2 protein chains.
Amino acid sequence: MQISDPTPAGHPALNERTQHLLKFLVERYIRDGQPVGSRTLSRDAGLDLSSATVRNVMADLEELGYLRAPHTSAGRVPTARGYRFFIDTLLRVKPLDPREIEVLRRRIDQPAQSGTELARSVSDLLSGVTRLAGIVMLPRRQTMTLRQVEFLPLSERRVLAILVLNGQEVQNRIIQTRRAYDAAELQRAANYLNAQFGGQDIQQVRKTLFEELRETRDHLDRLMQTVVEMAEQTFESTPESDDYVVAGQTHLMQYADLSDLDKLRQLFEAFNQKSDLLHLFDQCLHADGVQIFVGEESGCGVLEGCSVVTAPYSTGDQVLGVLGIIGPTRMAYDRVIPVVDVTARLLAEVLDGQRD
Amino acid sequence: MQISDPTPAGHPALNERTQHLLKFLVERYIRDGQPVGSRTLSRDAGLDLSSATVRNVMADLEELGYLRAPHTSAGRVPTARGYRFFIDTLLRVKPLDPREIEVLRRRIDQPAQSGTELARSVSDLLSGVTRLAGIVMLPRRQTMTLRQVEFLPLSERRVLAILVLNGQEVQNRIIQTRRAYDAAELQRAANYLNAQFGGQDIQQVRKTLFEELRETRDHLDRLMQTVVEMAEQTFESTPESDDYVVAGQTHLMQYADLSDLDKLRQLFEAFNQKSDLLHLFDQCLHADGVQIFVGEESGCGVLEGCSVVTAPYSTGDQVLGVLGIIGPTRMAYDRVIPVVDVTARLLAEVLDGQRD
DNA sequence: TCTTAGCACTCCTCACCTCAGAGTGCCAAT
DNA sequence: ATTGGCACTCTGAGGTGAGGAGTGCTAAGA
């Protein structure tokens, strides 16, 4: 597994003892949620140092911006920069138990009717296992190839268009037509479109149809006129923009770090808004493996106090989407990271298996 | 509009003055969210009574269970029973401005691709207008009639089944088959099913198929064997159970009444759980017009401190579903009730228009 | 030069108190 | 039946003081 750092920043060299203390402090803080004082470190960190020495080290770490003290006489707490260093340099991730992986695999490899359904079940899984909010971004539409298109007459002026994309995803569209069409006509139009455009990228199809055919519209025979009218509406509406599925948002309400009701509201609204998070996840699409955003590193104000752990999933060479979790910055990274990583791999595996 | 009371309970006769005071108190409490004291009523209720007199009345109302005092020296607050009486007897609903209705109508009457999409947009609308959580229950599946079924071969062993129900709703299902089928075979099977079962209730179709055909399975010709294999999977999976769409849950975080984070979490989990709320909404399916549940009247523990306002929507004689809002018991009923009422009517209107 | 004990200092938390304000219940007078 | 008056209760804000945790600094020791 690789953990890439979205905002690489120079870290001055720290001697081993300092690193060890920082690591212990962050781990302890993640465990207990309380500022950690010099006495605790001196006693428990296993270095046989006096608290005074530890204090000196902590003062240095504070100087460097890795720690901060909530107030004069509380212990210290990691800053975003401290978490960053911890994640990049100090963290040793526990690999997942093979049995646990097997459980995950079974839960992912369920027959699903649609991409959305699969995404929902995977984000449920993520949130269930980590007790955080799970997010799965749906496969990006841009890279969709048209497998098949069919038209069914519904009534006088209404036709159902069915798009099969990538061999799995099925989309329906109801089209209002200018005149009535019979089934045979529609069948011919579909045949033409399938023969001409099957296997092509859907963006490409749209472009070709609109550019090439529009200019010659007046000279078209009856078949081609049907084709054009159908295709216009079938491919015109930008097939619903990228989207994601969130599960387990309620888990976030349990963390004292996020107990500010107003903050929480803003966060939940960001989930609904989607645009900010989509932007963030877009950035992870082509990352190589797990990526972590600590606090406001994401550039997203509402994510203050939160971290995001993402991983892209892909079949073969094609990146399909991104999944991950959102939780308080104070989360058990050593556990969450492998879960996200493995889930992405398993999802890719399953999707790969579903392609024939 | 009719407002039916789900838990009719005897109310002793109150004289006009008492009613007026109760009405004023509830209205004031809804407006300000503060316990209302005798001085306030004496001054503002417009009855020219001394605060001492008002106190006597309030003591009576408390005796009767309509009011309660949070503590000795706070004013009084309506109880669930008090709200109940207010809603049933005292409330005068403001009819909606026709321009406002027009705005609602336009927002509802948008082309939607599916029932879910329409439900989502309507519950968005409800939550936007009322600043509460909007809920739209999807049309009940039981009453769905099969309009058309089609099969598309996707690959060797996978067939896409398309169900058109009620002339609007389209459902897809991917079927794993035991052997490969070609397009012509599938076409014939679809033709048979359409001829035989088109226009019938889908429950009925399922029953007929399974009962009649199963027993004669061994004697079937090739066509009928195809039909049975297809139909089994197409109609077998209980077409996804009743469901609803919630929007604007975040609005609920703004109300001080619900500021208890843990309560709120339970409420949100109930939204996800769905079963409790579905049960509640089921009860409203055949109510005649707007129904209101105050606090725990709903029998749903998590709804403590919340009220639910619902209305069924129907085309012609057929009840399609229920919509409504959930908010703090302390909500502006005079505004919310007509919004829910009108929205249900408009949705029915729009759905009626979409049937050919 | 690094480490450590010691000490003065800071700041939070909690319990406790007080006091003003709001509202009540009750009683006696109208 | 209504009202003014009065004693009473409870909340909430503000203030105080003790206890505790943790710090920085300094000077002595390895």
Side-chain angles (χ1 to χ4, degrees), chain A residues 12-22 24-26 28-29 31-79 82 256-257 259-260, chain B residues 12-22 24-26 28-29 31-79 82 256-257 259-260:
Chain A
L14 297 181
N15 66 47
E16 198 165 333
R17 191 182 67 179
T18 309
Q19 293 197 14
H20 181 86
L21 283 172
L22 178 56
F24 191 88
L25 185 146
V26 175
R28 179 56 66 97
Y29 179 68
R31 200 190 75 183
D32 297 350
Q34 298 294 329
V36 184
S38 55
R39 250 183 71 83
T40 310
L41 287 185
S42 156
R43 184 168 18 88
D44 299 344
L47 283 186
D48 205 31
L49 291 173
S50 78
S51 64
T53 310
V54 173
R55 276 203 289 283
N56 290 328
V57 175
M58 287 167 92
D60 293 347
L61 286 170
E62 181 159 8
E63 186 83 9
L64 290 168
Y66 292 121
L67 299 180
R68 68 185 179 78
H71 57 82
T72 330
S73 78
R76 263 123 168 155
V77 160
T79 60
D257 318 42
S259 64
D260 181 352
Chain B
L14 297 181
N15 67 47
E16 198 166 333
R17 191 182 69 180
T18 309
Q19 293 199 12
H20 181 86
L21 284 172
L22 178 55
F24 191 89
L25 185 146
V26 175
R28 180 57 66 96
Y29 179 69
R31 200 190 74 184
D32 298 349
Q34 299 293 330
V36 183
S38 56
R39 250 182 70 83
T40 310
L41 286 185
S42 154
R43 186 168 15 88
D44 299 344
L47 282 187
D48 205 30
L49 292 173
S50 78
S51 64
T53 310
V54 172
R55 277 201 290 280
N56 291 327
V57 176
M58 289 167 91
D60 293 348
L61 286 169
E62 181 160 7
E63 186 84 8
L64 290 168
Y66 293 122
L67 300 181
R68 66 183 181 81
H71 57 85
T72 330
S73 79
R76 256 108 169 172
V77 161
T79 60
D257 320 41
S259 63
D260 180 351

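Only a predicted model underlies this, so the values are computations on that prediction, with no experimental measurement involved. Proteins get letters first, then strands, A, B, ... in listed order; numbering begins at 1 in each.
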| B:N56 CG to D:dA1 C1', straight-line distance once rounded to whole Å | 9 Å
| field | Test applied, side-chain contact (heavy atoms from CB on, under 4.5 Å); reference residue, B:R76; option that passes from B:V36, B:L67, B:L22 | value | B:L67
| Expressed in angstrom and rounded to an integer, what is the separation of A:D44 atom CG from D:dG22 atom P? | 12 Å
| said: Base of D:dG4, side chain of B:R39 - is there a donor-acceptor contact under 3.5 Å? | reply: no
| said: Would B:L14 and B:L61 count as a side chain to side chain contact (heavy atoms under 4.5 Å, CB included) here? Give the steps. | reply: CA-CA 9 Å; B:L14 297 181; B:L61 286 169; 4.1 Å; yes
Distance-only check: which donor-acceptor pairs under 3.5 Å involve side-chain atoms of residues 39-48 of chain A, not counting sequence neighbours?
{"from": "A:S42", "atom 1": "OG", "to": "A:L49", "atom 2": "O", "distance (Å)": "2.8"}
{"from": "A:D44", "atom 1": "OD2", "to": "A:R28", "atom 2": "NH1", "distance (Å)": "3.3"}
{"from": "A:D44", "atom 1": "OD2", "to": "A:R28", "atom 2": "NH2", "distance (Å)": "3.4"}

| To the nearest angstrom, how far is B:R17 atom CZ from D:dT3 atom P? | 8 Å
| In whole Å, what is the span from the CZ atom of A:R28 to the P atom of D:dG22? | 12 Å
| request: Output yes when a side-chain donor or acceptor of B:T79 lies under 3.5 Å from a complementary backbone atom of B:G65, and no otherwise. | output: yes
| task | Identify the heavy atoms of A:S51 and A:S38 that sit nearest to each other, and give their distance. | result | O-CB, 3.6 Å
| field | Proximity to the side chain of A:T53 - top-ranked nucleotide from D:dT3, C:dT4, C:dG25 | value | C:dT4
| Whole-Å distance separating the CE atom of B:M58 from the P atom of C:dA22 | 16 Å
| Is a donor-acceptor contact shorter than 3.5 angstrom present between the side chain of A:R43 and the base of D:dG22? | no
| message | From CG of B:L41 over to P of D:dT3, roughly how many Å is that when rounded to an integer? | response | 14 Å
| Which residues in residues 68-75 of chain B have at least one heavy atom lying under 4.0 Å from any atom of DNA chain C? | B:T72, B:S73, B:A74, B:G75
| B:T18 vs B:D60 side-chain heavy atoms within contact, under 4.5 Å | no
| Euclidean distance, atom CG of residue A:D48 to atom P of C:dA5 [Å, nearest integer] | 10 Å
| said: What is the separation between atom CZ on B:R55 and atom P on D:dG5, rounded to the nearest whole Å? | reply: 12 Å
